[in-house]
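Okay, structure first, notes after.
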Number of protein chains: 2
Amino acid sequence: MSPSPSPSAADAIRVAVSAVIFSLRAHPGADKLMIPLVRRTRDPHEGMWALPGGWLDETEGLDEAAARTLAETTALTPSYLEQLYTFGDVDRSPTRVVSVVYWALLRSDLVDAQRSVAGAPENVEWFDVDALPPLAFDHNRIAGYALWRLRNKVGYSRIAAGLLPDEFTLTELRAVYESVLGRRLDPSNFRRLLEGSEALVPTESFRTGKHRPARLFRYNADAETDKRGPLD
Amino acid sequence: MSPSPSPSAADAIRVAVSAVIFSLRAHPGADKLMIPLVRRTRDPHEGMWALPGGWLDETEGLDEAAARTLAETTALTPSYLEQLYTFGDVDRSPTRVVSVVYWALLRSDLVDAQRSVAGAPENVEWFDVDALPPLAFDHNRIAGYALWRLRNKVGYSRIAAGLLPDEFTLTELRAVYESVLGRRLDPSNFRRLLEGSEALVPTESFRTGKHRPARLFRYNADAETDKRGPLD
DNA sequence: CCAAAAGTGTTACTTCTACACCCATGG
DNA sequence: CCATGGGTGTAGAAGTAACACTTTTGG
């Protein structure tokens with residue numbers, strides 16, 4: 001990239017990829033937004049919780065590495081995956097590490113299925129984003145930034161549907177927004193907003209419960225003109 | 001960052017930092033938004049234009065490296081500097097390079113002063129963002145993304161003032177918005193919008209010209225609650 | 001006095017927001 | 001028939017956009 005042919009042989013900058021993986025997990029009252037953390041089994045910060053991640057392999061791109069990291073932690077494919085930020089302060093780790101961090105959304109139904117079938121992977125636990133323990137490295141800051149970005153993006157984009165199963169009612173989707181944003185939304189205004197946005201496609205099915213059946217909707221992946229860049 | 005102690009010794013992933021540096025340069029009619037490019041003097045894509053950049057040094061953070069890159073190209077300090085994105089596709093360069101890219105705004109008055117005093121640095125030339133030549137590597141894509149981000153951010157933030165000198169009239173600021181966004185804005189609505197935003201502080205000075213003198217304003221760095229994250 | 005930019009005011013229109021109200025179902 | 005969530009309507013507030021109009025300067 002630069003006029004000079006290469007960094008000096010003494011350089012030892014390593015590239016890691018980490019992920020902040022959001023999912024909604026059932027909870028009395030409102031569902032809780034949670035992320036999986038991995039307990040470290042090695043020297044720097046051994047025993048502390050950290051974001052899932054790994055070294056970037058020479059044969060894979062950044063997006064691939066993020067997807068691999070995510071699969072190794074949850075054995076799942078995310079419904080949404082986006083680069084968050086790259087952290088490279090000199091003192092963020094005892095050795096020099098540049099971390100390219102991604103954030104992702106997981107469908108709650110898949111997480112539940114995976115956990116009950118395969119059992120939880122070793123050393124992985126889910127934590128409420130509002131009650132994270134002290135994390136290794138600068139991971140608290142990273143998680144906080146990812147959460148801020150999620151909340152921000154939910155405001156103008158329709159990605160929140162990525163936390164739900166294929167089909168869902170408007171009330172379920174509204175509950176997701178309320179969990180993520182941390183405030184109540186007016187049901188009728190919420191309905192109008194999303195029905196006029198082309199982001200959702202109504203199906204012919206209804207969810208039957210204790211009360212009047214609610215129409216099921218499906219996420220419309222086509223209409224993603226939102227506010228993203230020419231990169232994705 | 002990961003359970004494994006280190007990437008294998010065979011790995012040869014190098015980290016570069018590049019910058020897309022925007023500045024307004026005088027032009028008949030409306031000012032043009034331009035970026036500096038560097039002509040490559042070495043093997044991969046020798047002779048082609050590329051974004052200014054260099055290898056990340058082991059002793060500097062990413063922000064520092066971006067500022068250094070920028071200073072080496074323009075001998076100037078940016079009025080705004082923000083990380084854009086990290087590019088790391090396997091095939092974007094003959095050898096494996098992960099590029100952390102920043103974007104920056106430069107005050108037009110400083111650029112002019114620097115150029116006339118010191119003369120243009122060797123192998124550096126400014127190009128209209130709407131008429132870039134074919135660039136080395138994936139730099140056309142990167143420049144396009146940076147431009148998209150600038151235009152997007154100008155819509156909801158007040159950073160456009162970073163392209164102007166310390167003091168400026170509302171008409172000058174509006175001209176910046178019009179150059180960046182590529183469309184005309186209503187003068188009176190523009191005035192109301194910015195006067196109500198606390199982003200600008202009126203001074204007691206006036207710019208006297210051919211017509212009625214216009215009040216000079218100053219950018220209010222304090223009121224930057226905009227829409228940025230807890231990172232900056 | 002005239003041209004042109006600086007600056008003020010007004011009106012129409014669109015979008016948000018709060019909330020009243022009817023509908024359909026299980027118990 | 002009633003409690004409750006599903007779903008529709010509407011009126012006021014707030015913000016946007018278009019444009020008429022007054023002010024102040026140089027020439």
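Note that these values count all heavy atoms, side chains included, but never hydrogens, waters or copies made by symmetry.
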Please check if any side-chain donor atom of B:Arg92 sits under 3.5 Å from a side-chain acceptor atom of B:Ser99, or the reverse. yes
Would you say A:Arg192 and A:Asn189 are linked by a side-chain donor-acceptor pair, where the criterion is simply a distance under 3.5 Å? yes
Specify the separation, in whole Å, of atom CG of B:Leu185 and atom C1' of C:dA6. 17 Å
What pair of heavy atoms forms the shortest contact from B:Ala67 to B:Leu81, and how long is it? N-CD2, 4.2 Å
Check the orientation of A:Trp148 and A:Tyr145. Use parallel for under 30°, tilted for 30 to 60°, and perpendicular for over 60°. parallel
Show the nearest heavy-atom pair for residues A:Pro52 and A:Pro36, with the distance to one decimal. CD-O, 3.4 Å
Ionic contact status for B:Asp128 with B:Arg25, cut-off 4.0 Å: no
Members of residues 206-215 of chain A that approach DNA chain C, where some heavy atom sits under 4.0 Å away: A:Gly209, A:Lys210, A:His211, A:Arg212, A:Pro213
Between C1' on C:dC23 and CZ on A:Arg191, what's the gap in Å once rounded to a whole number? 12 Å
Contact between A:Leu37 and A:Leu51 at the side-chain level, heavy atoms closer than 4.5 Å - yes or no? yes
Are any of the side-chain nitrogens in B:Glu72 or B:Arg68 under 4.0 Å away from the carboxylate oxygens of its partner? yes
Rounded to the Å, how far apart are A:Leu194 CG and C:dC16 C1'? 14 Å
Go through it in stages, so that I can follow the logic: the residues are B:His139 and B:Met48, the test is side chain to side chain contact (heavy atoms under 4.5 Å, CB included), and I'd like the CA-CA distance, side-chain angles, deciding distance and then a yes or no. CA-CA 11 Å; B:His139 288 191; B:Met48 291 188 83; over 6 Å; no
For nucleotides 9-20 of chain D, 5' to 3', base contacts (B), sugar-phosphate-only contacts (S) and non-contacts (-) with protein non-hydrogen atoms under 4.0 Å give BB------BBB-
Are any of the side-chain heavy atoms of B:Trp103 and B:Lys153 separated by less than 4.5 Å? yes
If you take any heavy atom closer than 4.0 Å to DNA chain D, which residues from residues 168-178 of chain B end up in contact? none
Value in whole Å for how far the C1' atom of C:dT8 lies from CD of B:Glu195: 10 Å
